[in-house]
Amino acid sequence: MKTRQNLPDAPQRFNTDVNVVGKQSFSSGRFYYKVQIRGKTAWNRKGTIRPTPQNGLWTVVLRNENEYKACTSPPVPLTLREKVEKVGVFVDYEEGLVSFYDVKSTSHIYSFTAQSFTEQLYPYFSPGLNEGCRKEGKKNSITK
């Protein structure tokens with residue numbers, strides 16, 4: 001994000017970080033998307049909501065350039081061989097599966113399994129500001 005936009009305050013807007021919710025929702029089937037995250041040192045959180053499946057967010061995060069975690073309760077530390085530049089996210093709605101992959105190395109990062117989806121799901125991102133700005137980061141997840 002290069003330019004801050006002055007937009008009216010509304011309940012649909014995020015309040016503390018740069019966040020984006022995908023326009024297209026999914027309520028059945030399988031879908032896959034990729035997110036480029038090269039150059040980021042952190043993936044941010046949304047406001048005061050803990051990004052856990054109990055709160056409707058299936059998420060992996062990055063902190064301090066090399067501390068990866070799956071946002072479960074409690075969080076699960078992840079050990080990755082190299083810095084991730086592009087994340088692939090695969091969702092199987094009927095199977096209750098959300099999986100994250102390192103696209104470059106084609107390696108598995110983490111899977112949320114045996115989930116029960118009952119509402120529409122939306123891709124959710126917290127891209128933060130560009131490097132050199134006050135805040136930076138990116139979070140990749142699915143939200144209901």
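Residues: numbered from 1 along the sequence shown. Hydrogens, waters and symmetry mates play no part in the numbers below; they use all other heavy atoms, side chains included.
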With a 4.5 Å cut-off on side-chain heavy-atom distances among I, L, V, M, F, W and Y, is there a chain of contacts connecting F90 to F31? no
Tell me whether V87 shares a hydrophobic cluster with V76, the cluster being built from Ile, Leu, Val, Met, Phe, Trp, Tyr side chains joined at under 4.5 Å. yes
Tightest non-hydrogen contact, residues Y110 and T72, listed as OH-CG2, 3.4 Å
- Query: Under the side chain to side chain contact (heavy atoms under 4.5 Å, CB included) criterion, do R81 and S105 qualify, and how do the steps go?
  - Reply: CA-CA 9 Å; R81 293 183 188 166; S105 69; over 6 Å; no
Sorted by chain and number, sequence neighbours left out, side chain to side chain donor-acceptor pair (under 3.5 Å) with S111 holds for S99, H108
Of all heavy-atom pairs linking E94 and G29, the shortest is OE1-N, 2.9 Å
Checking side chain to side chain contact (heavy atoms under 4.5 Å, CB included) for the pair Q54/S73: CA distance, chi angles, key distance, verdict?
CA-CA 8 Å; Q54 295 82 5; S73 191; 4.2 Å; yes
CZ (F100) and CG (L78) are apart, to the nearest 0.5 Å, by 10.0 Å
Shortest non-hydrogen pair, Y68 vs V84, comes out as OH-N, 3.2 Å
Notebook entry, point to check: Within the side chain of K104, is there an N or O that forms a donor-acceptor pair under 3.5 Å with the backbone of K83?
Noted result: no
Scanning both residues in full, the closest heavy-atom pair of F26 with Y93 reads O-CE1, 3.7 Å
Please determine whether side chain to side chain contact (heavy atoms under 4.5 Å, CB included) holds for the pair F117 and V98, giving the CA-CA distance in whole Å, both sets of side-chain angles, and the decisive distance to 0.1 Å.
CA-CA 11 Å; F117 304 130; V98 178; 3.6 Å; yes
- Message: Could you go through Y122 and Y124, starting from their C-alpha distance and side-chain angles, then the distance that decides it, and tell me whether this counts as ring-ring contact (aromatic ring centres under 6.0 Å, His included)?
- Response: CA-CA 6 Å; Y122 293 85; Y124 168 79; over 10 Å; no
Side chain to side chain donor-acceptor pair (under 3.5 Å) filter on S25, not counting sequence neighbours, yields Q120
ILVMFWY network linking Y101 to L62, side-chain heavy atoms under 4.5 angstrom: no
- Would you say L121 and W58 make side-chain contact, with heavy atoms under 4.5 Å? yes
Closest non-hydrogen contact found for T59 with P51 is OG1-CB, 3.8 Å
ask   = Do you reckon Y32 sits in the same ILVMFWY cluster as I109, going by side-chain contacts under 4.5 Å, direct or chained?
value = no
